[in-house]
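Worksheet for the structure shown next.
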Amino acid sequence: MLVVLTGGTGGAKLVHGLSLEVAAKELVIICNTGDDFVCHGLRVCPDLDTITYTLAGLGDAARGWGIQDDSFVALEWLGKYGGESWFKLGDRDLALHITRTRLLAEAVPLSGITERIRGALGVQATILPMSDDRVETRIVTMEGELSFQEYFVKRHWADEVKKVFFAGAERSRPAPGVLDAIRTAEAVILCPSNPITSIGPILAVPGIREALTKTKSPVAAVSPIIAGAPVSGPAHKLMAGAGFEVSALGVAKAYADFLDKIMIAPEDRALEENIEALGLQALAAPIRMDSLEDKRRVARDVLASLRYM
Ligand code: GDP
């Protein structure tokens with residue numbers, strides 16, 4: 001069994017590659033839910049949904065979110081009634097958020113809902129939310145405290161980040177199956193996801209970081225930072241705000257207590273020595289994933305480093 005920890009954008013690229021290189025039944029994907037929020041009264045789980053749509057072959061890879069060729073008629077009409085339209089919800093996508101909101105109201109836990117949706121869309125891999133409890137990533141800026149989606153989508157990550165915290169994390173429990181999956185995995189992969197707001201919330205759920213430290217299986221990460229900058233999004237601002245240097249070395253430091261290996265870009269070879277001084281192995285190989293072939297190649301490289309073939 002291969003356990004994968006992921007957010008939505010960079011994570012989905014590697015998850016896509018892995019899904020083409022590993023039998024679906026062997027894949028257990030543990031997904032960030034710190035970005036979840038309520039929009040038009042509906043519970044939206046952006047990372048879970050991106051991963052589910054990606055594995056179902058429905059995802060819009062170019063945009064990085066939503067369903068391919070979706071239409072936005074309902075959103076336009078919501079706007080007519082004064083509803084906010086900065087968060088784009090497609091018509092087909094809305095059906096998922098309506099279903100999830102209804103099932104939550106019927107007291108079905110998020111993990112159970114995720115399982116039902118996975119089945120309905122024909123996804124074979126296991127997808128687990130990090131927790132069934134609400135954990136909310138909060139971004140503290142000069143203008144005040146924002147939810148992740150307000151910071152990221154509404155305000156285009158323009159604000160200076162003073163601090164990031166995960167409201168509700170201390171009282172949260174890992175979703176059923178999460179700790180067992182990590183304990184019994186043959187290998188664990190941390191996707192090239194934002195270390196602060198995608199992997200950070202997962203690690204903040206009590207017990208998960210400890211399970212990663214204790215697991216006997218090898219744990220590898222792929223760096224989301226190449227040559228001192230993220231491939232997309234605000235990881236540089238969030239890492240700097242959280243006191244990490246913006247580099248593959250900074251990523252390695254964020255995970256050093258449980259990580260065995262990290263894949264870094266060839267242009268970051270100069271960091272190898274400092275990464276290895278942390279007690280982990282640095283593997284330099286191309287990790288930018290623009291095409292489907294890139295995604296498969298990075299997946300094969302990380303699997304080979306873990307001897308998971
Ligand atoms: P989010 O939930 O949308 O923030 O998704 P993630 O956290 O999974 O993805 C964001 C991270 O993916 C950013 O830090 C990017 O630098 C990283 N990323 C995006 N595309 C690539 C890529 O092609 N290669 C690598 N190595 N990282 C990438």
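Atoms within a ligand are numbered from 1 in the order they appear, just like the ligands themselves. Since we're looking at a predicted model, the values are computed, not measured.
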key: Pairing of Glu186 and Arg307 as salt bridge, 4.0 angstrom limit   =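 Salt bridge between Glu186 and Arg307, a charged N being under 4.0 Å from a carboxylate O: no.
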ask   = How would you list, by chain and number, every residue that makes a side chain to side chain contact (heavy atoms under 4.5 Å, CB included) with Thr101, sequence neighbours excluded?
value =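 For Thr101 the side chain to side chain contact (heavy atoms under 4.5 Å, CB included) partners, ignoring immediate neighbours, are Leu42, Arg43.
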Side chain to side chain contact (heavy atoms under 4.5 Å, CB included) involving Glu170 - partner list, sequence neighbours excluded =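 So Glu170 forms no side chain to side chain contact (heavy atoms under 4.5 Å, CB included) with any residue.
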key: side-chain hydrogen bond (donor to acceptor under 3.5 Å, both in side chains) partners for Glu145, two or more places apart   =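 Partners of Glu145 by the side-chain hydrogen bond (donor to acceptor under 3.5 Å, both in side chains) criterion, ordered by chain and then number, come out as Arg138.
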task = State whether the number of non-hydrogen atoms from other residues, nucleotides or ligands found under 6.0 Å of Glu273 atom CD is greater than 12.
result =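 No, CD of Glu273 has 12 or fewer neighbouring heavy atoms, counting only those of other groups under 6.0 Å.
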inquiry  = For ligand 1, give me the residues whose heavy-atom distance to it is below 4.0 Å, by chain and number please.
reply    =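 Protein residues near ligand 1 are Gly7, Gly8, Thr9, Gly10, Gly11, Lys13, Asp35, Asp47, Pro192, Ser193, Asn194, Ser198, Ser223, Pro224, Pro230, Val231, Ser232, Ala235, Ile287, Arg288, Met289.
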query = Looking at Thr114, Asp36, Asp49, which hits side-chain hydrogen bond (donor to acceptor under 3.5 Å, both in side chains) with Arg100?
reply =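 Only one option passes, and that is Asp49.
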